[in-house]
Amino acid sequence: MPLVPTALHRDAIDVVAFDAMGVLYSSADDVGELLVPYLRSHGCVLGRGEIAQLYEECSLGKMPSADFWTTAGASGTSDEQYCRAHRLTEGVVALLAELDATGVRLACLSNDVSEWSKLLRDRFGLGEYLTDWFISGDIGVRKPDPEAFTTLCRRLDVIPERILFIDDREENVAAARGAGLQALWFGAPGLSTMDELRKEIRPW
């Protein structure tokens with residue numbers, strides 16, 4: 001069943017937490033769109049499912065990225081080289097700057113490999129706006145596991161109802177709402193650009 005939109009309580013938001021892939025960055029399926037082709041170009045012969053499983057283990061912090069490349073059987077790879085293919089979503093920096101100017105706290109909750117997440121946020125300067133990063137490779141749990149949202153709330157010391165979470169996957173938005181957070185599905189009809197997102201979360 002499609003996710004039903006819910007009204008935001010805009011005057012009860014202390015934190016806006018963003019997903020990374022498909023929200024901050026333009027590639028929603030970074031494994032299929034970026035990682036698999038990169039591995040193929042460096043000699044990896046693993047199946048798509050094997051690569052996805054290996055990625056999931058790495059994104060849970062069970063191995064460092066260097067071991068991921070080796071286990072995948074890819075030669076001549078590097079975190080820096082792989083991350084060059086990622087691009088910011090159009091308009092995201094302007095939105096982050098606008099939100100930051102209101103004094104609202106900005107965070108990121110994302111399923112990603114620790115090393116890659118840090119490289120990307122440093123490369124694009126996102127740490128200037130998003131001060132709190134909760135990456136699955138660091139916290140050891142992936143969305144939509146409820147523990148990911150529990151960890152977010154606990155470490156921010158903010159009750160769930162005062163956090164607005166934005167994700168491009170319906171299951172993650174549903175899980176966030178189930179954990180008590182306010183949540184928006186980025187990519188839903190009428191909510192697929194940063195300008196549309198800005199209009200939705202006004203009047204900050």
Side-chain angles (χ1 to χ4, degrees), residues 1-25 28 59-61 88-89 91-112 114 117-118 120-122 124-204:
M1 180 180 295
L3 200 66
V4 178
T6 60
L8 293 181
H9 301 288
R10 293 175 180 83
D11 59 346
I13 296 174
D14 295 328
V15 178
V16 180
F18 293 83
D19 172 46
M21 302 307 166
V23 181
L24 297 177
Y25 308 116
S59 71
L60 283 169
L88 285 175
T89 299
V92 69
V93 172
L95 176 59
L96 293 176
E98 184 177 317
L99 291 175
D100 184 59
T102 70
V104 69
R105 190 172 179 181
L106 302 178
C108 176
L109 175 64
S110 178
N111 296 339
D112 201 2
S114 300
S117 175
K118 187 175 188 312
L120 288 171
R121 65 181 180 261
D122 288 349
F124 292 114
L126 297 184
E128 179 181 349
Y129 306 107
L130 295 129
T131 54
D132 300 280
W133 293 77
F134 302 90
I135 307 303
S136 61
D138 297 324
I139 65 176
V141 62
R142 288 171 53 90
K143 300 170 298 181
D145 189 320
E147 183 59 30
F149 302 102
T150 299
T151 299
L152 174 73
C153 298
R154 183 177 66 249
R155 295 194 182 180
L156 289 175
D157 194 23
V158 177
I159 61 173
E161 294 81 3
R162 300 195 70 86
I163 298 176
L164 171 61
F165 178 65
I166 300 164
D167 200 292
D168 66 309
R169 295 182 183 270
E170 285 186 88
E171 62 268 30
N172 293 338
V173 173
R177 290 179 181 172
L181 285 72
Q182 299 190 60
L184 291 173
W185 174 26
F186 185 69
L191 198 61
S192 59
T193 69
M194 286 296 150
D195 187 53
E196 290 174 338
L197 181 59
R198 175 186 289 106
K199 292 175 182 177
E200 178 66 23
I201 61 180
R202 282 175 177 173
W204 272 326

Donor-acceptor check, side chain of Gln182 to backbone of Glu161, threshold 3.5 angstrom: yes or no?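 The answer is yes, because a donor-acceptor pair under 3.5 Å joins these two groups.
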Here the gap from Leu126 atom CG to Tyr25 atom OH, rounded to the nearest 0.5 Å, amounts to 4.5 Å
Ignoring hydrogens and angles, write down the donor-acceptor pairs under 3.5 Å from the side chains of residues 140-148, residues two or more places apart or on other chains.
unit_1, atom_1, unit_2, atom_2, d
Arg142, NH1, Ser59, OG, 2.7
Lys143, NZ, Asp19, OD1, 2.7
Lys143, NZ, Leu109, O, 3.0
Lys143, NZ, Asp167, OD2, 2.7
Asp145, OD1, Glu147, N, 2.8
Glu147, OE2, Thr151, OG1, 3.4

State, yes or no, whether a side-chain contact exists between Leu184 and Val173 at a heavy-atom distance under 4.5 Å.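 Heavy-atom side-chain distance check fails, nothing below 4.5 Å.
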Please find the pair of heavy atoms, one from Ile13 and one from Val104, that lie closest to each other, and give the distance.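 Heavy-atom minimum between the residues: O-CG2, 4.2 Å.
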Ser192: which residues meet the side chain to side chain donor-acceptor pair (under 3.5 Å) condition with it, sequence neighbours left out?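 Side chain to side chain donor-acceptor pair (under 3.5 Å) list for Ser192, sorted by chain: Glu196.
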Tell me every residue that passes salt bridge (Lys or Arg N to Asp or Glu O under 4.0 Å) with Asp100, counting only those two or more places apart in sequence or in another chain.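 With neighbours one apart ignored, the set is empty.
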With sequence neighbours excluded, what pairs up with Arg155 under the salt bridge (Lys or Arg N to Asp or Glu O under 4.0 Å) test?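 Partners of Arg155 under the salt bridge (Lys or Arg N to Asp or Glu O under 4.0 Å) test: none.
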So, using ring-ring contact (aromatic ring centres under 6.0 Å, His included) as the criterion, who are the partners of Phe149 when residues are at least two apart?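 Applying ring-ring contact (aromatic ring centres under 6.0 Å, His included) to Phe149 gives Phe165.
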Just to verify, what does Phe186 make a ring-ring contact (aromatic ring centres under 6.0 Å, His included) with, not counting sequence neighbours? none
Check the pair Phe18 / Leu197 against side-chain contact (heavy atoms from CB on, under 4.5 Å), numbers first and verdict last. CA-CA 12 Å; Phe18 293 83; Leu197 181 59; 4.3 Å; yes
Please lay out, stage by stage, how Asn111 and Arg169 fare under the test side-chain contact (heavy atoms from CB on, under 4.5 Å). CA-CA 12 Å; Asn111 296 339; Arg169 295 182 183 270; over 6 Å; no
